[in-house]
Peer 1: 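One structure coming up, written as structure tokens, with questions to follow.
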Amino acid sequence: KPLEEGAQIAYSLKTAETNLEDLQAISGNPTNWDSTWVLYDGQKVGYAEGKFFVDTSAPAGHIHCLCGNTTNAGITCADCGSKAVEWTEWEATDTLPTASGHYCLTGDVTTGAVTVTDGANVALCLHGNDIISKNGWKLINVEKGATVTITDCASEPGSITGASKDTYGLALRVNEGGVLNLYGGTISGGKAAGVGGSIYASNCKMELAGGTIDGDVNVTESTQLTLS
């Protein structure tokens, strides 16, 4: 279908960054168009007969910024300050990613404790799916030097569930020197007894910019907590 009059598009070459002059050169030479991709409102854009059009036959994939408000690839979101990128589909149903990257769940996950270690930066979009603790105890453990970002772009957000609310347990534990950013989803866990609670954060950095916490949060005095 044709783009609406006055529509703005985000663009990028597959091989390198580009600028408007490059895009104009491409649009004037359709033979080069196959080596590029352009996005408009999260959808791939094609070029034919001297016009741009939304290519509904080739879905663009899962593309957004960390908070989910910006869906044009390469564009920096005014709300969270991150660029919209394509998220890798995570199809496993019994574990979670621990290597650096942007991941999007394709279905519910039931797993035991997962640890994100020093140097890893893991961004996880629930995409309306649920992560459930196999043993009712700790789910995601963020170690020193690691960063975990939880978001959800779905209209009906998913959840991360540790122990039941009346049980000693937690969904997320952020250890000394770790970083947790929460933009979406519902986090639930046990009561904050000892190291319990939906989230336990000790001498770390934690930003709560969105989502819902259904349960207690246990935060030590040395934790840097940001509410935005």
Side-chain angles (χ1 to χ4, degrees), residues 66-69 79-80 87 90 92-98 102-117 120-228:
L66 289 179
C67 73
N69 289 339
D79 296 317
C80 66
W87 297 58
W90 183 260
T93 60
D94 58 355
T95 190
L96 293 170
T98 56
H102 293 71
Y103 302 93
C104 167
L105 297 185
T106 60
D108 294 345
V109 175
T110 300
T111 180
V114 174
T115 298
V116 181
T117 57
N121 188 340
V122 177
L124 186 63
C125 178
L126 301 179
H127 198 44
N129 299 295
D130 300 325
I131 301 174
I132 304 166
S133 173
K134 182 186 298 183
N135 54 19
W137 178 230
K138 177 175 56 184
L139 259 178
I140 300 176
N141 188 42
V142 186
E143 294 285 7
K144 181 178 181 180
T147 298
V148 170
T149 299
I150 305 295
T151 190
D152 198 323
C153 67
S155 57
E156 296 184 8
S159 64
I160 300 177
T161 304
S164 59
K165 288 187 289 185
D166 58 351
T167 304
Y168 177 80
L170 68 160
L172 299 170
R173 174 168 180 161
V174 192
N175 295 293
E176 179 178 357
V179 178
L180 172 67
N181 303 306
L182 180 63
Y183 289 101
T186 297
I187 314 298
S188 62
K191 293 184 177 180
V195 294
S198 296
I199 301 175
Y200 174 77
S202 175
N203 194 19
C204 60
K205 292 182 179 181
M206 185 166 64
E207 179 180 6
L208 304 180
T212 301
I213 300 175
D214 181 16
D216 297 339
V217 177
N218 193 338
V219 180
T220 65
E221 294 181 358
S222 53
T223 294
Q224 181 180 328
L225 176 62
T226 302
L227 301 176
S228 59

Peer 1: Would a distance-only check, ignoring hydrogens and angles, find a side-chain to backbone donor-acceptor pair under 3.5 Å from N175 to V142?
Peer 2: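 Yes, the answer is positive, given that a donor and an acceptor are paired below the 3.5 Å cut-off.
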Peer 1: CG/L96 to OG1/T111 distance, rounded to the nearest 0.5 angstrom?
Peer 2: 5.5 Å
Peer 1: What distance do D130 atom CG and L105 atom CG have between them, rounded to the nearest 0.5 Å?
Peer 2: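 Atom-to-atom, D130:CG and L105:CG are 9.5 Å apart.
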Peer 1: Does H127, at its NE2 atom, have more than 12 non-hydrogen atoms belonging to other residues, nucleotides or ligands within less than 6.0 Å?
Peer 2: no
Peer 1: Would you say the side-chain atoms of D152 pair up with the backbone N or O of L126, donor to acceptor, closer than 3.5 Å?
Peer 2: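 Not confirmed, D152 side chain does not pair with L126 backbone.
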Peer 1: Not counting sequence neighbours, which residues clear side chain to side chain contact (heavy atoms under 4.5 Å, CB included) with T147? List them please.
Peer 2: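 Checked T147 against side chain to side chain contact (heavy atoms under 4.5 Å, CB included); matches are N121, T149, V179, N181.
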Peer 1: How long is the straight-line distance from CG of L139 back to CG of L172, given to the nearest 0.5 Å?
Peer 2: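 It is 7.5 Å, given to the nearest 0.5 Å.
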Peer 1: Can you confirm whether L180 sits close enough to C204 that some side-chain heavy atom of one is under 4.5 Å from a side-chain heavy atom of the other?
Peer 2: no
Peer 1: Can a side-chain donor-acceptor contact be found between E207 and S228 if the only test is distance below 3.5 angstrom?
Peer 2: yes
Peer 1: Look up atom CG in N129 and atom CD1 in I160, then write down how far apart they are to the nearest 0.5 Å.
Peer 2: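 Reported value, rounded in 0.5 Å steps: 11.5 Å.
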Peer 1: For A92, check side chain to side chain contact (heavy atoms under 4.5 Å, CB included) against everything at least two apart and list the hits.
Peer 2: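 Partners of A92 under the side chain to side chain contact (heavy atoms under 4.5 Å, CB included) test: W90, D94, T95.
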Peer 1: For S155, which residues count as a side chain to side chain contact (heavy atoms under 4.5 Å, CB included) partner, sequence neighbours excluded?
Peer 2: none
Peer 1: Looking at L66, is its backbone amide N or carbonyl O close enough to the side chain of T151 to form a donor-acceptor pair, meaning the two atoms are under 3.5 Å apart?
Peer 2: yes
Peer 1: Can you measure from OG1 (T223) to OH (Y200) and round to the nearest 0.5 angstrom?
Peer 2: 8.0 Å
